[in-house]
Asks: 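Provided herewith is a single structure, encoded as structure tokens, for subsequent inquiry.
No experiment lies behind these values; they were computed from the predicted model shown.
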Amino acid sequence: MVAVAGLGVAAPPVQATEPWLTVEDGFATFEIPVDHVEEAFGRDVNQVVAEGNFGPSANWAEFGLSISGDTATGTLGPLEPGLYYYQVTADDHFTVKDPTNPTSVSSEPEWSTFFIEGEGAELLADAPESDRGDLQTFTYRSSVAHEERTALAWTPPDYDEDRREPYPVLHLQHGGAQSYRDWVEVGRAAQIFDNLYAAGKIQPMVVVMGNGNVDSFPDELRRHIARAAQRNFNISRDPEQRALAGLSMGGGHAFEVLADRPGDYAYVGTFGAGRFGQLDDLPVEDINESTKLFRMYVGNPTDIAYNDVFHAMSALDEAGVEYEFDGANPDAGHNWDAWQENLIDFAQRLFQEPPFEGMSPGHLAIESAFETPPSGTTPTPWVSEDGYVTFETSTQFADAEHVTVWANWGASHLWTRVELSKAGDRWRGTVGPLEPGWYHYRLIVDMEPTKDTGNPTSVTSEPTWSQFLVPGESARLVSPAAEGQGGEVQDMSYQSDVAGEQRTALVWTPPGYDADRDEPYPVFYLQHGGGQSYTDWTEMGQAKNILDNHFLDGNLEPMVVVMGNGNVDDFTAELLNNIVPAAERQLNVSSEPQERALAGLSMGGFQTMQVLADEPGEFAYIGAFSAGFFGDAPSLDVEAINEGTTLLRVYNGNRTDFTYDLVRSTLATFDRLGVDYEFDGWFEGPHGWDTWQHALIDFAPRLFR
């Protein structure tokens, strides 16, 4: 099942036959014909993204696609079960709907949607035909809006228009810039009510979704929507049998009705709304006496209503208004993921005893407003104690039109871009909550990769990148060890006959390293990837932190780790003729194969595999991180490899890692030839540093044991 939404300039429809989106096992693969996009806009394009609710907290984010030939492609996932909405955008400003996706969103013509089934999204899935209620439209004349209008109504599967006892009714309102159809097209309201009713969790009721885009919603509701619904459906006029709820603007409308006409609706819910106007002159006694339930909902600090709700609750407490708070949803912001959960909770509390009291499981009380540092007062990004990260640019981009932060915080730690908002002469935005760990990012300013000059970190091989750490126990091994307790990192110079130049490697030595020890240290040669440098394992891979913490935990044999420069045509010669001899001359390391290990990521992993094939037995421990075997399989000396290799261990990311298929083929070849190896399994990460940090964390403690 699929559905979508979009921002920007809508493009005319284009002809397409092959699906632009395929979804399998929770992975969404986009294949966008660039010529179709260019035809739609009548211009060449340089950048294509799929943007939707792909970001942290299910907020809007851009997923950059790679253009190869005539196609822009990318695979995102695995995505959590639920509904996703997306649009295709070229060059920041030109938006087109996926013409191969039949779903649509009335209020967002560029959007399409898709649904991923699974645990946690059962109530959003299509119910069996026999359990489905009916969706009907009805029209009414609005003297408030001065036009003919349309509303939607859901009735339960066993709805009886002649039933003697009228049905309770829930009036369910949309948000600003939305339509009366949004609760069905994006909110999955029909599926929610179908499934809740089939499970016996809600009472038989009629749900009315009206058009709230008016200057005076209380008048529109009372004079037109409610009366038209009563004419068309067998619903109660008794306030005890009437409920009203809405999201964002619609939540504000619901509270407005509660304040203006207390007693019209016994049940009132506000989803992601907290701007309720003046709260010091409320008819408190009437509200409390006539309202069975007034329940408030909000997302986490990325929800624009978060602080509004906090301040509104303080004012309501002071005024004496009785209400319930569902707690802040830690997993969603101001978006449909939050509002769907709100509806599921609220519907079960109507016209019956609620399923439980208090906040929803896992939801959090709001102890204080979410505050970020004043503009221009602190280095960026600013990381809160609970993992929310706030970015702010300098004033140099005051005239920019589109600024995003592109970082490894998407599904599987893929790179996705989160838009920043203009704040005076700067751009600013908050992302989170992020899992503990290291994140790397760059700014994209009007499609140009740009270094965040407010962040002092740097990456030698990627001049536009910066980094930050979200602290936490699960990130302990990649976090810096206590001052003075870790090992040392130093330069090692050597002459490269292969490259024809003087080169540098980095060397990690363990705490207590003794250059004069009688017994030489085992040595681990650790290689970088293509387009990288010998500095990447320390700057990006956090190798020093990983080795320090493993050693201090007692998980690591005392060893020396050499990180050389692998940017050569013949790495086997470079390693054996230049890097290894230099290490053995300058360091107290062993020359015995059983005391030597070799591993690398991506290009470095392929180089490692080639050394294994060319010189089996030279290194007793072999690790391939996101790399397979490219060579001629029959030429492998399997007997020599097995006899001379204590450990051959292979690591790789999931199907978003572009080496996935090659590694699968390599493992099949090893199985067929009888090569002894271990496979770590498919790590839920891409072809990136999250995957390779995991590999080093796992591989290093296995050496020389």
Side-chain angles (χ1 to χ4, degrees), residues 1-11 13 19-23 26-30 32 48-65 74-90 95-118 120-121 123-126 174-192 209 247-248 250 271-272 299 302-304 329 331-344 404 410-411 414 416-419:
M1 183 65 184
V2 184
V4 182
L7 306 170
V9 181
W20 288 14
L21 169 69
T22 56
V23 180
F27 290 85
T29 298
F30 295 91
I32 313 297
V48 179
V49 304
E51 52 182 330
N53 59 327
F54 306 138
S57 295
N59 287 320
W60 194 262
E62 302 173 6
F63 177 51
L65 304 179
T75 297
L76 181 65
L79 298 171
E80 293 291 326
L83 185 83
Y84 292 85
Y85 36 98
Y86 70 97
Q87 65 188 24
V88 175
T89 301
T95 302
V96 62
K97 185 188 184 305
D98 178 351
T100 67
N101 186 332
T103 64
S104 62
V105 178
S106 301
S107 65
E108 298 283 0
E110 302 86 12
W111 284 18
S112 305
T113 65
F114 62 94
F115 182 68
I116 293 180
E117 296 184 351
L123 293 175
L124 304 180
D126 291 333
H174 59 81
Q178 295 180 354
S179 133
Y180 71 94
R181 297 192 60 85
D182 277 60
W183 264 114
V184 168
E185 293 173 340
V186 196
R188 307 287 284 185
Q191 287 87 349
I192 289 171
M209 292 159 273
L247 70 90
S248 196
F271 308 163
T302 67
D303 188 335
I304 59 173
N329 184 334
D331 301 320
H334 197 74
N335 52 47
W336 282 104
D337 286 59
W339 304 327
Q340 289 162 355
E341 288 193 20
N342 300 162
L343 179 59
I344 290 168
T404 60
L414 286 162
T416 57
R417 310 175 193 179
V418 172
E419 293 183 47

Asks: Give the C-alpha distance, both sets of side-chain angles, the deciding distance and a yes or no for side chain to side chain contact (heavy atoms under 4.5 Å, CB included) between Asp126 and Arg188.
Replies: CA-CA 9 Å; Asp126 291 333; Arg188 307 287 284 185; 3.7 Å; yes
Asks: Measure the spacing between OG of Ser104 and CZ of Arg181 and express it to the nearest 0.5 Å.
Replies: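 The distance works out to 7.5 Å.
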Asks: Run the side chain to side chain contact (heavy atoms under 4.5 Å, CB included) test on Leu21 and Phe114 for me, step by step, so that the C-alpha distance in whole Å, both residues' side-chain angles and the decisive distance to 0.1 Å come before the verdict.
Replies: CA-CA 9 Å; Leu21 169 69; Phe114 62 94; 3.5 Å; yes
Asks: List the residues meeting side-chain hydrogen bond (donor to acceptor under 3.5 Å, both in side chains) with Ser57, not counting sequence neighbours, and say none if there are none.
Replies: Asn300
Asks: What is the distance from atom CD of Glu341 to atom CH2 of Trp336, rounded to the nearest 0.5 Å?
Replies: 13.5 Å
Asks: Does one side chain, of Asn53 or Asn335, offer a donor that lies under 3.5 Å from an acceptor on the other?
Replies: no
Asks: Please examine the side chains of Phe115 and Pro81, heavy atoms only from C-beta on, and report whether any two atoms are closer than 4.5 Å.
Replies: no
Asks: Decide side chain to side chain contact (heavy atoms under 4.5 Å, CB included) for Asp331 and Asp337; before the verdict, give the C-alpha distance in whole Å, the side-chain angles of both, and the deciding distance to 0.1 Å.
Replies: CA-CA 9 Å; Asp331 301 320; Asp337 286 59; over 6 Å; no
Asks: Taking all non-hydrogen atoms of both residues into account, name the closest pair between Val418 and Pro56 and its distance.
Replies: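 Scanning both residues completely, I find the closest heavy atoms to be CG2-CD, 4.4 Å.
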Asks: Taking the side chain from Asn101 and the backbone from Asp98, do they hold a donor-acceptor pair closer than 3.5 Å?
Replies: no
Asks: What I'd like to find out is whether the side chain of Val96 reaches to under 4.5 Å of the side chain of Trp20, using heavy atoms alone.
Replies: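 Val96 reaches Trp20 side chain to side chain.
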Asks: Test your reading of the model: is there a side-chain donor-acceptor pair from Asn59 to the backbone of Gly55, 3.5 Å cut-off?
Replies: no
Asks: Looking at side-chain heavy atoms only, is the closest gap between Gln178 and Ser248 below 4.5 Å?
Replies: no
Asks: Of all heavy-atom pairs between Leu79 and Ala411, which one has the smallest distance, and what is that distance?
Replies: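 It is CD2-CB, 4.0 Å.
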Asks: What's the separation between atom CG in Leu124 and atom CD1 in Ile116, rounded to the nearest 0.5 Å?
Replies: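 CD1 of Ile116 is found 12.0 Å from CG of Leu124.
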Asks: For the residue pair Phe271 and Trp183, does the interplanar ring angle fall in the parallel (under 30°), tilted (30 to 60°) or perpendicular (over 60°) class?
Replies: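 Judged by the thresholds at 30° and 60°, the geometry between Phe271 and Trp183 is perpendicular.
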Asks: Give me the atom names and distance for the closest heavy-atom approach of Val49 to Gly64.
Replies: CG1-CA, 3.9 Å
Asks: Ser106: what forms a side-chain hydrogen bond (donor to acceptor under 3.5 Å, both in side chains) with it, not counting sequence neighbours?
Replies: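 For Ser106, the residues satisfying side-chain hydrogen bond (donor to acceptor under 3.5 Å, both in side chains) (neighbours in sequence not counted) are Glu185.
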Asks: About how many Å separate CD of Glu419 and CD of Glu62, when rounded to the nearest 0.5 Å?
Replies: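 Atom-to-atom, Glu62:CD and Glu419:CD are 5.0 Å apart.
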Asks: Quiz question: by atom type and distance under 3.5 Å, do the side chains of Glu51 and Thr89 form a donor-acceptor pair?
Replies: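 Per modelled atom types, Glu51 and Thr89 side chains form a pair under 3.5 Å.
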Asks: Quick one: ring-ring contact (aromatic ring centres under 6.0 Å, His included) partners of His334, sequence neighbours excluded?
Replies: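 Result, ring-ring contact (aromatic ring centres under 6.0 Å, His included) vs His334: Trp339.
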Asks: Less than 6.0 angstrom from the centroid, inside 45 degrees of the normal: does Arg417 satisfy that with respect to the ring of Phe54?
Replies: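 Cation-pi check for Arg417 and Phe54: fails.
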Asks: When rounded to the nearest 0.5 angstrom, what distance separates OG1 in Thr416 from CZ in Phe63?
Replies: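 Going from OG1 on Thr416 over to CZ on Phe63, the span is 8.5 Å.
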Asks: If you measure from CD on Glu117 to CG on Leu83, what distance do you get to the nearest 0.5 Å?
Replies: 12.0 Å
Asks: Can you list the steps and then say if Val48 with Val88 is a side chain to side chain contact (heavy atoms under 4.5 Å, CB included)?
Replies: CA-CA 7 Å; Val48 179; Val88 175; 3.8 Å; yes
